[in-house]
There are 2 protein chains.
Amino acid sequence: MDTFSDRRAVRRQGTTAEILAAAVELMVHDGVAGMSLSAVARRVGMKPPSLYEYFPSKVAIYDALFARGARELHDAVHWAGSNPDVAGDPLAALREGARAYVRWSMTNPVVAQLLNWRPVPGFAPSDAAYAPNLEMIAETRTVIAAAVEGGLLDPSAATEEAVLLFTTVIAGVVSQQLANDPLAAPGDGRYARLLDPAVTLWLEHYKS
Amino acid sequence: MDTFSDRRAVRRQGTTAEILAAAVELMVHDGVAGMSLSAVARRVGMKPPSLYEYFPSKVAIYDALFARGARELHDAVHWAGSNPDVAGDPLAALREGARAYVRWSMTNPVVAQLLNWRPVPGFAPSDAAYAPNLEMIAETRTVIAAAVEGGLLDPSAATEEAVLLFTTVIAGVVSQQLANDPLAAPGDGRYARLLDPAVTLWLEHYKS
DNA sequence: GTCTATACGTAGATAGAC
DNA sequence: GTCTATCTACGTATAGAC
């Protein structure tokens with residue numbers, strides 16, 4: 001690649017990011033399903049047809065946001081769970097991962113809605129966009145298994161049901177927070193505060 | 001009221017119910033936010049302007065559905081919790097109430113979405129429509145308090161946090177079920193199956 | 001890569017005849 | 001209580017000039 005095409009690629013990536021940012025801002029005001037291409041175009045200073053140079057359709061924008069959001073959320077949880085403070089302590093890793101999940105979701109509420117609920121009628125994420133979610137669940141399972149190996153949790157904690165219950169409890173906190181107290185700051189929130197007690201319920205039940 | 005106006009009132013109520021039913025059916029196919037008045041009118045065999053005889057605006061239809069749904073959900077939970085099998089057993093009443101909540105939500109998924117999430121940009125329920133929700137939480141609190149009185153639960157179970165945690169766990173199960181396994185029959189469902197274990201987590205933690 | 005022009009459809013809501 | 005006609009606005013998407 002020569003310098004010219006590099007610059008062109010960088011510029012293109014910048015515009016793409018601008019479009020996605022504008023789409024998110026509009027979803028904040030008009031709802032996730034209420035985003036319109038005309039409004040996005042206005043906000044980035046383009047006419048609607050120009051957007052089709054960057055995304056082939058409206059659902060492609062949703063898919064790009066889903067993909068990026070799933071990747072970011074995965075990374076946030078992954079980072080929290082492999083941070084030096086919790087190295088070698090799987091239970092602390094679970095707690096920190098859960099906290100990171102809630103924190104990220106409150107920082108990115110509209111993308112979190114896109115990930116957790118299905119607010120857009122015609123849209124389902126592509127397999128590629130969905131992949132980081134599966135990866136995140138697999139990693140959670142691995143951490144739980146490590147806790148079982150280390151004698152910290154009962155073997156039943158590594159069953160399908162127990163893992164699903166863990167993720168459901170966390171998703172429940174996020175859902176309630178976003179729906180019923182959406183304006184709270186990350187780290188705050190009437191329902192987000194319930195996360196630690198909720199995780200405690202789970203850990204107590206499955207402790208060995 | 002004479003016979004004539006009675007009949008007129010009955011007819012009017014019937015039409016109103018028909019319109020609401022059509023709106024719900026359309027939400028099943030097009031998403032909660034995707035319902036349109038034109039489509040509703042087509043389905044009930046009217047032209048769009050005629051709907052304004054029954055509802056002053058589109059959000060009024062959402063509000064009517066919210067009001068009816070909140071009332072029905074309250075009644076279902078209330079009934080389950082005051083059924084003869086569980087009379088005098090507050091813990092069984094809590095379990096049965098939670099089951100009824102999940103069952104109703106799966107039987108009425110689009111209205112459940114309207115109640116649990118906020119899928120429609122311009123719409124917030126009126127106080128009157130929201131009232132049964134508050135009543136339902138108050139009744140849950142009362143049942144928990146009865147369990148504490150009877151020595152079945154620790155006094156900490158009656159705190160604000162504990163009550164909120166109870167409702168959050170149940171709402172979490174419903175949210176996950178509706179978002180990730182929406183086609184399951186009521187009484188079935190990958191996430192709905194987690195309800196009993198989830199309630200058990202809570203009961204165990206707060207037992208005296 | 002961005003534009004104008006346009007196709008084609010839809011929306012929510014109101015006026016006023018019947 | 002229902003209609004026709006209409007307003008006003010918006011939407012996604014494509015064709016084709018520049």
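Naming convention: chains lettered A, B, ... in sequence-line order (proteins, then strands); numbering from 1 in each chain.
- Here dG1(D) presents its C1' atom at 18 Å from CZ of R7(B), a figure rounded to the nearest Å.
- The pair E161(B)-R193(A) does not meet the salt-bridge criterion, since no charged nitrogen lies less than 4.0 angstrom from a carboxylate oxygen.
- Using a 4.5 Å heavy-atom cutoff, the side chains of R118(B) and F123(B) are not in contact.
- When the side chain to side chain contact (heavy atoms under 4.5 Å, CB included) test is applied to A64(A), the partners found at least two apart in sequence or on another chain are L20(A), F55(A).
- The CG atom of L51(B) sits 12 Å away from the C1' atom of dG1(D) (whole-angstrom rounding).
- Between S50(A) and dC3(C) there is a side-chain polar atom (N or O) within less than 4.0 angstrom of OP1 or OP2.
- Scanning both residues, V44(B) and E18(B), for their nearest heavy atoms gives CG1-O, 3.8 Å.
- In this structure, the CZ atom of R11(B) is 11 Å from the C1' atom of dT2(D), given to the nearest Å.
- Counted within 6.0 Å of CD on E204(A), heavy atoms from surrounding residues, nucleotides or ligands total more than 12; the atom is thus considered enclosed.
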Counting primed atoms plus P, OP1 and OP2 as sugar-phosphate and everything else as base, spell out the protein contacts along nucleotides 8-15 of chain C at 4.0 Å heavy-atom distance: B, S or - for each nucleotide, 5' to 3'. ---SSBB-

Might you list the N or O atoms of the protein lying below 3.5 Å from N or O atoms in nucleotides 7-9 of chain D, with each pair's distance?
none

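- Atom NZ in K47(A) sits about 15 Å away from atom P in dT12(D), given to the nearest Å.
- Within 6.0 Å of atom CG in D127(A), 12 or fewer heavy atoms from other residues, nucleotides or ligands are found, so the atom counts as exposed in its surroundings.
- For the residue pair V163(B) and I144(B), the shortest heavy atom distance occurs at CG2-CD1, 4.0 Å.
- Counted by atom type alone, H74(A) and E139(A) present one or more donor-acceptor pairs between their side chains at under 3.5 Å.
- Y54(B) comes within 4.0 angstrom of the backbone, heavy atoms only, and of no base.
- Atom CG in D30(B) sits about 15 Å away from atom C1' in dG11(D), given to the nearest Å.
- Between the P atom of dT2(D) and the CZ atom of F55(B) lies a distance of 13 Å, rounded to the nearest Å.
- Between L165(A) and L201(B), some side-chain heavy-atom pair lies under the 4.5 Å cut-off.
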